[in-house]
Amino acid sequence: MKRLEIKDLCVAYGGVKALRGVSLSVAQGQTVMITGPNGAGKSTLMKALAGVVKPQSGQIFLGGHDVTGLSAERVAVAGLSMVPEGRHVFGSMSVLENLRVASGRRRDKAQVLADLDSLLDVFPMLKERTHVQAGLLSGGQQQMLVIARALMTAPTLLAIDEPSLGLAPKVTDQVYESLHTLQARNQLSLLIVEQSSARVVMTGAHMVLLRSGQVVLEGSARSLDAQAIEAAYFGM
Ligand code: ATP
């Protein structure tokens, strides 16, 4: 079952063609990582998926439903939870309040409590700080909080834009370890933008390499040839 299917997506900002016929899919329980150099179109792809920018052409299906061109709110209702770049926590609220706010619309209250327990198990550094003001957390802790908060909406697809941006390598390792645990425990379907192709190779996930708005290389990060990745990334 495909959680996400993007077909031949084109997005332009005025005369600038940011995406030129991008197709990709994420299966149930699969992690797909999008990488590529500056200006490749990675953030545009996430914005189009989230309903923030309208595609010129192409289609986006979430769990089999056509969500192309729908508003951000309706795409969220269809099952997408997006963690945008920049770790936007509610700084004056506690860690626990940040997590509770995200589940406000859910009616399955017993499952909400179970999800909260399970997430705090995966992120022990949040569990130790449930009453700490979120604005006082470190960058890595805030990144974990925005991921946990996104999961409290019980999405069918979690999309994360640049989770490692501005984090030390060791902290980035912790973030990816937590994501790996979550994915294995809950059969999560994940779409992650990661500028570092080396990091994508380390995760061994399915890699989609974008350049100039097009997919130039795709496959299991472990099986792709390192030189082919470098050539595609730098356009050699
Ligand atoms: P980066 O890693 O630098 O953020 P990216 O791969 O996320 O790059 P995008 O930000 O999606 O790439 O940009 C793709 C192209 O669209 C670039 O040529 C960029 O200059 C252009 N672009 C992005 N946002 C806008 C905008 N709001 N108006 C005009 N052009 C834009």
Side-chain angles (χ1 to χ4, degrees), residues 4-26 31-62 67-73 75-76 80-89 139-140 142-143 146-147 150 157-169 171-172 175-176 179 190-203 205-219 221 224 226 228-236:
L4 173 69
E5 190 159 22
I6 294 178
K7 289 185 182 170
D8 215 10
L9 197 68
C10 295
V11 175
Y13 301 100
V16 179
K17 290 186 175 174
L19 294 180
R20 298 185 291 157
V22 169
S23 298
L24 62 87
S25 63
V26 181
T31 299
V32 172
M33 298 190 70
I34 299 169
T35 190
N38 284 332
K42 306 180 296 294
S43 291
T44 300
L45 182 66
M46 294 303 241
K47 286 177 188 160
L49 169 61
V52 178
V53 300
K54 302 277 177 233
Q56 267 187 321
S57 59
Q59 285 175 301
I60 305 173
F61 294 91
L62 252 184
V67 297
T68 321
L70 294 187
S71 67
E73 193 173 17
V75 179
L80 173 75
S81 196
M82 172 71 68
V83 179
E85 223 182 79
R87 302 193 272 282
H88 303 289
V89 298
Q142 290 192 0
Q143 185 64 64
V146 289
I147 291 170
L157 179 79
L158 176 65
I160 313 177
D161 199 355
E162 304 249 19
S164 63
L165 201 71
L167 298 182
V171 181
T172 304
V175 170
Y176 274 105
L179 283 171
L190 275 171
L191 182 69
I192 303 174
V193 164
E194 173 58 71
Q195 182 150 19
S196 159
S197 58
R199 173 62 65 176
V200 179
V201 170
M202 277 165 71
T203 66
H206 186 85
M207 173 195 272
V208 175
L209 205 157
L210 280 184
R211 187 178 169 79
S212 305
Q214 289 180 304
V215 176
V216 289
L217 191 69
E218 179 169 9
L224 289 172
I229 294 174
E230 201 179 318
Y233 198 99
F234 294 106
M236 294 182 291

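Residues take their numbers from the sequence shown, with the count starting at 1. Ligands are counted one by one from 1 in listed order, and the atoms in each one are counted from 1 as well. Note: hydrogens, waters and symmetry copies are ignored here, and every other heavy atom, side chains too, is used.
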What do the steps show when you test Asp161 against Lys47 for side-chain contact (heavy atoms from CB on, under 4.5 Å), and what is the final call?
CA-CA 10 Å; Asp161 199 355; Lys47 286 177 188 160; over 6 Å; no
Show which atoms of ligand 1 fall inside a sub-4.0 Å distance from at least one heavy-atom site of Gln195.
2 (O)
Report the nearest protein non-hydrogen atom to atom 11 (O) of ligand 1: residue, atom name, distance rounded to 0.1 Å.
Thr44 OG1, 2.5 Å
With Lys42 as reference, evaluate Val208, Leu19, Ile34 under the side chain to side chain contact (heavy atoms under 4.5 Å, CB included) test and give the passing residue.
Ile34
List the steps, then state whether side-chain contact (heavy atoms from CB on, under 4.5 Å) holds for Ile6 with Leu45.
CA-CA 10 Å; Ile6 294 178; Leu45 182 66; 4.0 Å; yes
Distance filter under 4.0 Å to Pro37 heavy atoms, resulting ligand 1 atoms
6 (O)
Write out the residue and atom name of the closest protein heavy atom to atom 3 (O) of ligand 1, then the distance separating them to 0.1 Å.
Asn38 OD1, 3.1 Å
shortest atom 29 (C) of ligand 1-to-protein heavy-atom contact is with Tyr13 CB, 3.4 Å
Of all heavy-atom pairs linking Lys54 and Gly69, the shortest is NZ-O, 3.0 Å
Protein residue, atom and distance nearest to atom 18 (O) of ligand 1, heavy-atom basis
Val16 CG1, 4.0 Å
CA sep, side-chain torsions, deciding dist, call: Leu210, Val216, side-chain contact (heavy atoms from CB on, under 4.5 Å)
CA-CA 6 Å; Leu210 280 184; Val216 289; over 6 Å; no
Proximal atoms of ligand 1 relative to Ala40 (non-hydrogen, under 4.0 Å)
5 (P), 6 (O), 12 (O)
Checking Leu191, Ile147, Ile192 against Leu158 for side chain to side chain contact (heavy atoms under 4.5 Å, CB included), the one that qualifies is Ile147
Are His206 and Glu218 linked by a side-chain donor-acceptor pair shorter than 3.5 Å?
yes
Any idea which heavy atoms bring Arg211 and Phe234 closest together, and the distance?
NH1-C, 3.6 Å
For atom 4 (O) of ligand 1, grab the closest protein heavy atom and report residue, atom and distance to one decimal in Å.
Ser43 OG, 3.9 Å
Specify side chain, backbone, both or neither for Lys47, according to which of its non-hydrogen atoms lie closer than 4.0 Å to ligand 1.
neither
among protein heavy atoms, the one nearest atom 14 (C) of ligand 1 is Gly39 O, 3.4 Å
Against ligand 1, does Gly36 come closer than 4.0 Å with any heavy atom?
no
Quick one: side chain to side chain contact (heavy atoms under 4.5 Å, CB included) partners of Ala76, sequence neighbours excluded?
none
Give the residue and atom name of whichever protein heavy atom lies nearest to atom 12 (O) of ligand 1, and the separation in Å to one decimal.
Gly41 N, 3.1 Å
Students should be able to answer this: which protein heavy-atom is nearest to atom 2 (O) of ligand 1, and at what distance?
Lys42 NZ, 3.1 Å
